[in-house]
Amino acid sequence: MATAQYVHLFNIIVFMIKILDTTLREGEQSRGVSFSLEQKIEIARLLDEFGVDYIEAGHPAVSTEMRNTVTTISSLGLRAEIVAHARAKIEDIKAAIECKVPWVGIFIGINEVSLKYKYNLQKSQVYELIRISINYAKDNGLKVRLTIEDATRTETAEIIELCQFVDGLGVDRISIADTVGVAVPSMFYNLIRQIKAQTKVDLHVHCHNDFGMAVANAIAAFEGGAVVIDTAVNGLGERAGIATLAEVCTALYSLFGIRKGWRLDLLPFISKQVALFANIPLNPKMPIVGDDAFYHKGKLHVNAVSKYSGCYEPISPEIVGRQELQKEQHDK
Ligand code: HCA
Ligand code: CU
């Protein structure tokens, strides 16, 4: 059976896959979303209880309020490590240092679109910014993730060249961002494989959902050897958002046999709380946590699941905190 094969194949890296949840940073970039400090603390605690490895808590350079927020989240004593987001600028790195976080995630693009329209700089100047900011962060004791923004619209050779450059600077992780969601799983898998073959640093991925492929791309990256996946609760984020926490983790658990001790049973509650705080109602068709995710209507389906729910369910609902077998009543 395909699933069993995967379980065997991936056993060896079971403990290597890590989740970074960025509901508090990327998620807050959703239209109309602005979490209060109390809400952020509750979300962070829930994510920690669920078992994510990292929480990206915000972009401290934005404001004093954001610095207070990131500092507060960082001082909660959570098991998850806290990451502050930053541009490749000393002022942003300083703001991250102020928040006493262990990690800074620096992001920058090197493709033509980024150089011309975002920075108005030459590639060599961007390299210099990267060098200065990574050195500054490392000198101040931070662990550094460098995100290559818009990597999926950047020449692979250029990505590899940058990866090797930052490896030489002692960067701790490199994130390959599909910033505008244009990757497809086969292409993303190959890209990750290629980069991994020529880079020593651990790879991380950040997948946007513009064509509805964020989760598929994140899973493809995992198959290709990426060791950290970015998620957001309910897929919140810029535009169509990013890969969804519930889907990524349940797929890893169910389809690949990954056992990380995730509290999958908390997913419906986490989704509900975030939907409430974000004031964005949950789509009933959302996998795993949506109202209809385990709902059966067709008579044939209803009859079959009454005998054995596995007939039409890919996973037992209790595993993901969905207790009730939901079905439409049919007249005999
Ligand atoms: C952004 C862009 C980003 C950065 C990702 C990262 C992207 O919102 O500033 O820093 O890991 O999608 O490239 O979210
Ligand atoms: Cu993003």
Side-chain angles (χ1 to χ4, degrees), residues 18-31 33-34 52-63 66 70 81-89 91-93 95-96 101 103-111 113-115 117-119 126 129-130 133-134 137 142-154 158-159 162-163 166 171-183 188 191-192 195 201-215 217-218 221 226-245 248:
K18 292 186 164 158
I19 299 294
L20 179 148
D21 189 277
T22 181
T23 305
L24 299 183
R25 197 280 298 172
E26 174 83 51
E28 206 183 34
Q29 289 177 224
S30 299
R31 183 212 295 241
V33 176
S34 177
V52 304
D53 300 277
Y54 305 99
I55 294 173
E56 195 165 70
H59 193 112
V62 164
S63 62
M66 187 60 82
V70 177
E81 290 188 72
I82 307 303
V83 182
H85 202 232
R87 291 167 300 176
K89 293 192 169 195
E91 64 199 80
D92 283 30
I93 314 290
V101 288
W103 279 88
V104 65
I106 301 171
F107 73 104
I108 198 154
I110 52 159
N111 63 358
V113 175
S114 305
L115 296 179
Y117 297 107
K118 296 182 197 164
Y119 319 123
V126 167
L129 291 179
I130 294 172
S133 47
I134 291 177
L142 286 172
K143 286 186 260 187
V144 179
R145 178 195 76 215
L146 182 85
T147 296
I148 306 179
E149 202 186 7
D150 216 1
T152 44
R153 294 191 303 180
T154 305
E158 291 197 70
I159 297 176
L162 179 54
C163 289
V166 298
V171 86
D172 299 278
R173 200 160 283 147
I174 296 170
S175 181
I176 305 300
D178 183 25
T179 302
V180 293
V182 291
F188 206 50
L191 179 65
I192 296 298
I195 301 170
V201 186
D202 281 347
L203 297 180
H204 181 141
V205 290
H206 179 90
C207 301
H208 274 267
N209 203 32
D210 298 71
F211 290 99
M213 285 188 273
V215 173
N217 286 327
V227 295
V228 187
I229 296 175
D230 273 8
T231 64
V233 178
N234 302 339
L236 294 183
E238 289 280 353
R239 310 180 309 282
I242 67 162
T244 304
L245 175 75
V248 167

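Just follow the structure's listing: the first ligand is 1, and inside any ligand the first atom is 1.
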- For Gln29, what residues pass the side chain to side chain donor-acceptor pair (under 3.5 Å) criterion, not counting sequence neighbours? Arg25, Glu238

- Counting only protein N/O/S atoms, those under 2.8 Å from the Cu ion (ligand 2) total 3

- All ring-ring contact (aromatic ring centres under 6.0 Å, His included) counterparts of His204, not counting sequence neighbours: none

- Message: List the residues meeting side chain to side chain donor-acceptor pair (under 3.5 Å) with Asp21, not counting sequence neighbours, and say none if there are none.
- Response: Thr23, Thr231

- Item | Close side-chain approach of Ile106 to Thr147, heavy-atom, < 4.5 Å | no

- Glu26, any N or O under 3.5 Å of ligand 1 N or O: yes

- Query: Closest non-hydrogen protein atom to atom 5 (C) of ligand 1, residue and atom name please, with distance?
  - Reply: Arg25 NH2, 3.6 Å

- Tell me, which protein residue and heavy-atom name are nearest atom 2 (C) of ligand 1, and how many Å apart are they? Glu149 OE2, 3.6 Å

- Task: Check Thr179 against ligand 1 and report side chain, backbone, both or neither, counting heavy atoms closer than 4.0 Å.
- Result: both

- Ala177 neighbourhood, listing ligand 1 atoms whose heavy-atom distance to it stays under 4.0 Å: 13 (O)

- Salt-bridge present (Arg239, Asp210; N to O < 4.0 Å): yes

- Check whether any N or O atom of Glu238, backbone or side chain, sits under 3.5 Å from an N or O atom of ligand 1, and answer yes or no. no

- Query: Where does His208 meet ligand 1, judged by heavy-atom distances below 4.0 Å: at the side chain, the backbone, both, or neither?
  - Reply: side chain

